[in-house]
Amino acid sequence: MIGYVTLGTNDLPRAAVYYDALLDELGAKRLMETERYIFWGVSMQQPSLCVIKPFDGEPAAIGNGNMVALVVDARDKVDRLHAKALALGGSDEGAPGDRGGGFYAGYFRDIEGHKLNVFCTG
């Protein structure tokens, strides 16, 4: 149902370095890019993540209550991606762990303050 998610940036080159390294852990690569945005994904037929300079020219700002969730297929991948996000300069918003009902997740903020999580079920 979701085609892509966009996150605003005020520093596209810095965001590119962060997401190139982070999303490489998921096998994602740049699918499209211009001077305003970069899309990452594993294919054009699957959901992707975009970092973009706002169209209205105003500064990008984080949204309270907004979060992007990245799905993986194993707990060790949750642990690895969460650790990678922090090593790249992100901040911890909840260490990886069991959240109940077979939902295992770790929460973090990227280098601009956007909240993300990485999770698996089962």
Side-chain angles (χ1 to χ4, degrees):
M1 189 163 116
I2 294 174
Y4 61 90
V5 173
T6 62
L7 299 173
T9 185
N10 293 305
D11 188 341
L12 189 59
R14 181 173 177 236
V17 170
Y18 182 86
Y19 281 103
D20 279 343
L22 183 68
L23 298 177
D24 181 63
E25 294 287 323
L26 299 177
K29 303 293 180 210
R30 292 184 188 192
L31 298 177
M32 295 179 0
E33 63 184 286
T34 70
E35 68 283 344
R36 276 194 54 241
Y37 63 78
I38 302 171
F39 275 84
W40 289 267
V42 295
S43 80
M44 292 297 284
Q45 289 71 43
Q46 294 185 27
S48 58
L49 182 113
C50 174
V51 175
I52 189 167
K53 293 187 221 175
F55 180 76
D56 64 7
E58 296 295 320
I62 59 172
N64 187 22
N66 297 342
M67 183 176 69
V68 174
L70 305 171
V71 65
V72 296
D73 60 3
R75 290 177 176 217
D76 65 314
K77 291 180 183 177
V78 170
D79 297 343
R80 190 172 68 236
L81 197 64
H82 183 270
K84 180 84 171 199
L86 303 186
L88 291 167
S91 61
D92 184 31
E93 282 283 313
D98 188 9
R99 302 303 200 264
F103 186 78
Y104 186 86
Y107 298 82
F108 60 94
R109 290 194 182 266
D110 72 5
I111 54 175
E112 298 211 43
H114 298 289
K115 188 171 183 180
L116 293 92
N117 102 3
V118 57
F119 76 96
C120 68
T121 57

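Cluster annotation: Leu23 and Ile52 are assigned to distinct hydrophobic clusters (Ile/Leu/Val/Met/Phe/Trp/Tyr, side-chain heavy-atom contacts under 4.5 Å, transitive). Residues Leu26 and Ile111 are members of one and the same hydrophobic cluster, defined by side-chain heavy-atom contacts under 4.5 angstrom among Ile, Leu, Val, Met, Phe, Trp and Tyr. Cluster membership for Leu31 and Leu7, using ILVMFWY side-chain heavy atoms within less than 4.5 angstrom, is not shared.
Annotation: side-chain hydrogen bond (donor to acceptor under 3.5 Å, both in side chains) contacts of Asp24 (sequence neighbours excluded): Lys29. Residues passing the side-chain hydrogen bond (donor to acceptor under 3.5 Å, both in side chains) test with Tyr18, sequence neighbours excluded: none. Residues passing the salt bridge (Lys or Arg N to Asp or Glu O under 4.0 Å) test with Asp56, sequence neighbours excluded: none. With sequence neighbours left out, Glu33 forms a salt bridge (Lys or Arg N to Asp or Glu O under 4.0 Å) with Arg30.
Between Leu12 and Thr9 the shortest heavy-atom distance is N-OG1, 3.8 Å.
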Side chains of residues 114-122: which donor-acceptor partners sit under 3.5 Å, not counting sequence neighbours?
{"from": "His114", "atom 1": "NE2", "to": "Gly8", "atom 2": "O", "distance (Å)": "2.7"}

Compile the donor-acceptor pairs under 3.5 Å between side chains in residues 35-51 and protein atoms, sequence neighbours left out, one pair per line.
{"from": "Arg36", "atom 1": "NE", "to": "Lys53", "atom 2": "O", "distance (Å)": "3.3"}
{"from": "Arg36", "atom 1": "NH2", "to": "Lys53", "atom 2": "O", "distance (Å)": "3.0"}
{"from": "Trp40", "atom 1": "NE1", "to": "Asp20", "atom 2": "OD1", "distance (Å)": "2.8"}
{"from": "Ser43", "atom 1": "OG", "to": "Gln45", "atom 2": "N", "distance (Å)": "3.2"}
{"from": "Ser43", "atom 1": "OG", "to": "Gln46", "atom 2": "N", "distance (Å)": "3.4"}

Tell me which donor-acceptor pairs under 3.5 Å the side chains of residues 57-68 have, and how far apart each pair is, sequence neighbours excluded?
none

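Among residues at least two apart or in separate chains, there is no salt bridge (charged side-chain N to carboxylate O under 4.0 Å, His left out) pair with a member in residues 5-14. The side-chain hydrogen bond (donor to acceptor under 3.5 Å, both in side chains) contacts involving residues 91-104 comprise Asp79-Tyr104, His82-Asp92, Glu93-Arg109, where partners must be two or more places apart or lie in separate chains.
For the pair Tyr19 and Leu88, the minimum side-chain heavy-atom distance is 4.5 Å or more.
A distance of 8.0 Å separates NZ of Lys84 from CG of Leu22, quoted to the nearest 0.5 Å. Note that CG of Leu81 and CG of Leu86 are 10.0 Å apart. Values are rounded to the nearest 0.5 Å.
When the shell of 6.0 Å around OH of Tyr4 is examined, it contains 12 or fewer heavy atoms from other residues, nucleotides or ligands.
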